[in-house]
Amino acid sequence: MSTRIDKLTKAQEAAMPAYAQKWIDIGLKTGDADWETFDKYMPVCYEKAGLKYPKNVVHVQSPLVGGLAASVSDAILKKYCKGGAVDDAVDDAVGDAVRDAVDDAVGGAVDDAVDDAVRDAVGGAVGGAVRGAVRGAVSGAVDDAVRDAVRGAVRGAVGGAVGVAVDVAVHDAVRGAVRGAVGVAVDGAVRGAVDDAVGVAVDGAVDVAVDDAVRGAVDDAVDDAVRDAVGGAVPTTGDSMTKIAIKTAYSIATKIGVTLSFHYWLGGQFWVGGWYWGNALVNFFFDVCKLELSKDIMERAEAYRKVNESVNYIWPNRDFIIVCDRPKHILRDSDGRLHSTEEKAIVYKDGWGLYMIHGVKFTEEQFNKAKMASVSDILSWEDIDQRSVLLRERPIEKLLESVKKKLIDKTDECGGYELWEIDLKDIGKAKILSYKGWSSEKPYIKFAPSDSLKALETVASLRHQTVEELKESLKS
């Protein structure tokens, strides 16, 4: 054991890649949360922050429900318990206090005990790898989607204009999940004051029993109504679960007369890479380098590690904790980005998730449209990032089979290139290069200048080289 580290051994340096992968696997873990571990160590985090552990711990199946329910519950408690059970200033700071007590305190202690050069080396090789694979590639997309949903509820853009139609057409389960999470979170403190109002807000006249056939028949009309009502105010996900969850949160807030705000969260498994410290980095020094600090710091480190290993997102509050189950599945491409052309790339157990192709987000409507899109449809696609990944996914043969085309030039040099002229209906003529990637046999296309006549010369020009320079560069 050591109380200070100024230099890494060769064995410790060699352990970095495997250790980083270990934490990437933890960050991307799917299936059931470890509720028992969470219940054991989350109270320790509160204790280290000098806070009393709340009695109301609410499990939710997706961060969408958690983010909205936490915002509504927090607003209700502030209104009905102001000056009493909840102190606004403390309540707002609970998330920061818990993080400061465990993450920042442990990071600071490790910082004092480790040479700067060593910390930077491990931070880049371990922390950076985990952060990029988990928080950068996965958590960022989920964070943005949940923030957008909460902001949509705050703005109330899907209020009365959508009304009954949305409630009739979409998932009753999501409405019930949001309401149920709020009910448990505020139970005891203010239940008598708000229970009836919450019930009216969520159920009321729009809680209509409609069979699946009717839902299917009206779904398209409802989507049109939502788009008309929402306009550009709320990021339109095309996902009916998101729409109903936003409306439910807004309805509760409106009926009870509270103002919603974005509620602080901890990232659980998605934060193991951290931004500066994080579990992967500090525990490399504990597990691999055998760094041992004070008993208090080691207890804080263990508690935060166990919490993040056990669950997904966490919304810590003075009177409640809302905590999210793990994702059902996470699908990624070879570069680690969220990706699937068949289904949601990340999905939770209540069905909420995100359609992502090579890390680019699509609405449900866009995703389904993309499956049937012709080459002309893709080339005229409004979003340039979406257009690029859709073109990447289409085999060259599929892209060219439905258009008029003429082979202008072909070369086997430098890996082989074909220069085509294609005639796109309603768009006009264009020239493209068809070629295989250097690291795979998969074909790709690249648009070429309209005056291109020779394949190899066009490739060199696009690379800002002469043909001779191109040939020489590909030899090395």
- Message: With rounding to the nearest 0.5 angstrom, report the CZ to CG distance, F367 to L354.
- Response: 11.5 Å

- Looking at CD1 of I246 and CZ of R151, how far apart are the two atoms once the value is rounded to the nearest 0.5 Å? 12.0 Å

- Message: Between V65 and W352, is there a side-chain heavy-atom distance shorter than 4.5 Å?
- Response: no

- Message: Does the plane of the ring in Y417 sit parallel, tilted or perpendicular to the ring in Y435? Use 30° and 60° as the thresholds.
- Response: tilted

- Message: Do I321 and Y53 make a side-chain contact, defined as non-hydrogen atoms from C-beta onward lying under 4.5 Å apart?
- Response: yes

- Item | Main-chain N/O of S334 paired with H339 side-chain donor or acceptor, under 3.5 Å | no

- Message: Just so I know, are the side chains of I378 and R387 near enough to count as touching, which here means a heavy-atom distance under 4.5 Å?
- Response: yes

- Item | More than 12 heavy atoms of other groups within 6.0 Å of K10 NZ | no

- Item | salt bridge (Lys or Arg N to Asp or Glu O under 4.0 Å) assessment of D34 paired with K29 | CA-CA 11 Å; D34 184 352; K29 192 171 184 179; over 6 Å; no

- Message: If we count only N and O atoms by modelled type, under 3.5 Å, do the side chains of E364 and N368 hold a donor and an acceptor together?
- Response: no

- Nearest-0.5 Å distance, CG of residue L390 to CD of residue Q366: 9.5 Å

- Task: Quick one: which residue pairs count as a ring pair (Phe, Tyr, Trp, His ring centres under 6.0 Å) with a foot in residues 277-296, not counting sequence neighbours?
- Result: Y19-F284

- Query: With under 30° as parallel and over 60° as perpendicular, where do the rings of F38 and W35 fit, or are they tilted in between?
  - Reply: perpendicular

- Query: Can you find a heavy atom in the side chain of E393 that is under 4.5 Å from one in the side chain of H358?
  - Reply: yes

- Given side chain to side chain contact (heavy atoms under 4.5 Å, CB included), test M298 with L293 step by step and report yes or no. CA-CA 6 Å; M298 300 304 286; L293 303 177; 4.2 Å; yes

- Task: Please step through side chain to side chain contact (heavy atoms under 4.5 Å, CB included) for the pair L391 and W381, ending with a clear verdict.
- Result: CA-CA 10 Å; L391 283 173; W381 202 278; over 6 Å; no

- For residues A105 and I297, report the shortest heavy-atom separation together with the two atoms involved. O-CD1, 3.8 Å

- Query: Where the side chain of K349 meets the backbone of G31, is there a donor-acceptor pair that is under 3.5 Å apart?
  - Reply: yes

- Item | Side-chain touch R318/P54, heavy atoms, less than 4.5 angstrom | no

- Look at the side chain of R4 and the backbone N and O of D112, then say whether any donor-acceptor pair between them is shorter than 3.5 Å. yes

- Among I330, V272, I346, V130, whose side-chain contact (heavy atoms from CB on, under 4.5 Å) with L28 holds? I330

- Task: Any chance you could lay out the side chain to side chain contact (heavy atoms under 4.5 Å, CB included) test for K306 and K40, step after step, and finish with the verdict?
- Result: CA-CA 9 Å; K306 293 293 187 181; K40 178 179 179 180; over 6 Å; no

- What distance do Q12 atom CD and K290 atom NZ have between them, rounded to the nearest 0.5 Å? 9.5 Å

- Answer yes when R99 and D103 have at least one side-chain N-carboxylate O distance shorter than 4.0 Å, and no when they do not. no

- Task: Report the distance from atom CD1 of I26 to atom OG of S310, rounding to the nearest 0.5 Å.
- Result: 11.0 Å

- Query: With a 4.5 Å limit on heavy-atom distance, are the side chains of K344 and Y355 in contact?
  - Reply: yes

- Is it true that D296 and K48 make a salt bridge, defined as a side-chain N closer than 4.0 Å to a carboxylate O? yes

- Show the numbers, then the answer: is there a side chain to side chain contact (heavy atoms under 4.5 Å, CB included) between W315 and C324? CA-CA 9 Å; W315 292 264; C324 183; 4.0 Å; yes

- Message: Minimum heavy-atom separation for L338 and A141, please, with both atom names.
- Response: CD1-CB, 3.9 Å

- Heavy atoms of F320 and Y46 approach each other most closely as O-OH, 4.2 Å

- Query: If you measure from the Lys or Arg side-chain nitrogens to the Asp or Glu carboxylate oxygens, is any gap between D100 and R300 under 4.0 Å?
  - Reply: no

- Query: Any Lys/Arg nitrogen of R305 or E309 sitting under 4.0 Å from an Asp/Glu carboxylate oxygen of the other?
  - Reply: yes

- Mind listing the closest non-hydrogen atom pair of A113 and T3 along with its distance? CB-O, 3.6 Å

- Item | Distance (rounded to the nearest 0.5 Å) between N308 CG and C45 SG | 8.0 Å

- Query: Taking all atoms of both residues into account, what is the closest heavy-atom pair of L266 and G95, and its distance?
  - Reply: CD2-O, 4.1 Å

- Taking side chain as C-beta onward, heavy atoms only, is D325 less than 4.5 Å from H59? no

- Query: Is any NZ, NE, NH1 or NH2 atom of the basic residue among K295 and E299 found under 4.0 Å from an Asp or Glu carboxylate oxygen of the other?
  - Reply: yes

- Smallest separation among heavy atoms of D74 and N317, with atom names: OD1-ND2, 3.1 Å

- Query: Going by the angle between their ring planes, with limits at 30° and 60°, are Y313 and W265 parallel, tilted or perpendicular?
  - Reply: tilted

- Query: Are any non-hydrogen side-chain atoms of Y41 and E302 less than 4.5 angstrom apart?
  - Reply: yes

